[in-house]
Peer 1: 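Take this structure first; my questions come after.
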Amino acid sequence: MVVRRDSAVGEQGPSGAKKTAKKTNASAPRAAAERTPPGPEPATESATAAGESAPATGKSAPARRAAKAAASPKSPEPAASPKPAKPAKRAKTAKRAKTAKPESPTALVRRARRINRELAEVYPYAHPELDFENPFQLIVATVLSAQTTDLRVNQTTPALFAKYPTPEDLAAADPEEVEEILRPCGFFRAKTKSVIGLSKALVENHKGEVPGRLEDLVKLPGVGRKTAFVVLGNAFGRPGITVDTHFQRLVRRWKWTEETEPDKIEAAIGALFPKSEWTMLSHHVIFHGRRICHARKPACGACPIAPLCPAYGEGETDPEKARKLLKYEKGGFPGQRLKPPQSYLDAGGIPAPPLGAAG
């Protein structure tokens, strides 16, 4: 028996050779397509989305992967960043800035004391800018200085002390007459009540003398710790820190403390300096705040302690423009006292004009 081999269908028997051959010839293209390994066809959308591979076709794994890569539509690759290291560098810099070590307590003390030494050279004539001749005049003037300028107080107190020179005189005064004298100071009714009450307390409790102890001073009407330290430091020579608005602003601007309450500021700054320096420290800081380191527009370009100031640049940095912002003797203008110390006059300071004077 002769067996006929057909390349398309394999081995066939003699009885069905002719019939099968015809059938095979008719279906040859389909059979060939079934036996021929499929060419690289695009994967279906669902298979591509699911990440499935095409059915195995007998090709090796590398060949299948190559075919799949050639068949699959390539999604556009994002353009490479020209300098991919920059974001990482910025992130690293930001992280370094966040983790920067704060100033150590020792470094803070050194910087604070150096600033005070520099200010002492700039303002060797620093002094309380209220006119007074005795503790009574100083305590009354300090009470009156609330919510107004020292200049306005200095222009008002000559008439007050001329009429009421002692605590006994002011304690017995007619409130309406005192109000009329104090009217230029603002809040004159409240201030009249304070200074008359203060005078009565001095007469009744201290024999008409201003006490030289903090605990006694703060019990007087209208007297707080700030006023008490002004009196103790300048009338009795006892050290004290005067935390006024200028002092508060500057010590926070210089990062000496983050405290906001006067009592806490006083304690924080007192810990940075020897007690013997407290009174003059207050004068140096307040003088600087009034002349150069202003609240709204500091004269940074004319500031002698700019290299030590962490807030440098908050104000005008151009030297010429900054010099135009200087006040009082630094700017060639009158000071706040009608009768300033001689050292102030020797340094070029100009006395303030009396009340009602032109200019």
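The structure presented is a predicted model; accordingly, all values stated were derived computationally and were not measured. Counting from 1, the numbers follow the sequence of the chain as shown.
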Peer 1: With sequence neighbours excluded, tell me which residues meet ring-ring contact (aromatic ring centres under 6.0 Å, His included) with Tyr328.
Peer 2: none

Peer 1: Enumerate the side chain to side chain donor-acceptor pair (under 3.5 Å) contacts for residues 254-271, please, sequence neighbours excluded, ordered by first and then second residue.
Peer 2: Arg225-Glu266

Peer 1: What residues, two or more places apart in sequence or in another chain, satisfy side-chain contact (heavy atoms from CB on, under 4.5 Å) together with Thr279?
Peer 2: Asn234, Pro239, His283

Peer 1: Please answer whether the main-chain N or O of Gly313 pairs with a side-chain N or O of Thr317 as donor and acceptor at a distance below 3.5 Å.
Peer 2: no

Peer 1: Among all residues two or more places apart in sequence or in another chain, which pass the ring-ring contact (aromatic ring centres under 6.0 Å, His included) test with His127?
Peer 2: Phe287, Tyr344

Peer 1: For Asp131, which of Arg337, Lys339, Gln336 qualifies under side chain to side chain donor-acceptor pair (under 3.5 Å)?
Peer 2: Arg337

Peer 1: Could you tell me whether the side chains of Gln342 and Tyr125 share a donor-acceptor contact shorter than 3.5 Å?
Peer 2: no

Peer 1: Can you give me the closest heavy-atom contact between Ser199 and Pro167, atom names plus distance?
Peer 2: CB-O, 3.4 Å

Peer 1: Using side-chain heavy atoms (C-beta onward) and a distance below 4.5 Å, is Phe333 in contact with Ile350?
Peer 2: no

Peer 1: Which residue pairs pass the salt bridge (charged side-chain N to carboxylate O under 4.0 Å, His left out) test when at least one of the two sits in residues 231-248, sequence neighbours left out?
Peer 2: none

Peer 1: Provide the full list of salt bridge (charged side-chain N to carboxylate O under 4.0 Å, His left out) pairs with a residue in residues 102-111, sequence neighbours left out, each pair given once.
Peer 2: Glu103-Arg111

Peer 1: Among all residues two or more places apart in sequence or in another chain, which pass the side-chain contact (heavy atoms from CB on, under 4.5 Å) test with Pro304?
Peer 2: Val122, His288, Ile292

Peer 1: Just to verify, what does Val223 make a side-chain contact (heavy atoms from CB on, under 4.5 Å) with, not counting sequence neighbours?
Peer 2: Ile139, Val143, Leu198, Leu217, Leu220, Thr227, Ala228

Peer 1: Which pairs, with at least one residue in residues 136-151 and sequence neighbours excluded, count as a side chain to side chain donor-acceptor pair (under 3.5 Å)?
Peer 2: Asp150-Arg290

Peer 1: Kindly write out the residues that satisfy ring-ring contact (aromatic ring centres under 6.0 Å, His included) with Trp278, not counting sequence neighbours, or none if the list is empty.
Peer 2: none

Peer 1: Any side-chain to backbone donor/acceptor pair from Arg253 onto Gln248? Under 3.5 Å, distance only.
Peer 2: no

Peer 1: Do Ser343 and Asp346 have side-chain N/O donor and acceptor atoms under 3.5 Å apart?
Peer 2: no

Peer 1: Between Thr157 and Leu160, is there a donor-acceptor pair closer than 3.5 Å when you use the side chain of the first and the backbone of the second?
Peer 2: no

Peer 1: Which pairs with one or both residues in residues 216-253 pass ring-ring contact (aromatic ring centres under 6.0 Å, His included), sequence neighbours excluded?
Peer 2: none

Peer 1: Hey, can you pull the donor-acceptor pairs under 3.5 Å for the side chains in residues 179-187, sequence neighbours left out?
Peer 2:
residue : atom : partner : partner atom : Å
Glu180  : OE1  : Arg183  : NH2          : 3.4

Peer 1: Where do Pro351 and Leu338 come nearest, in terms of heavy atoms and distance?
Peer 2: CB-O, 3.7 Å

Peer 1: Between Cys293 and Pro298, what is the shortest heavy-atom contact and its length?
Peer 2: CA-CB, 4.3 Å

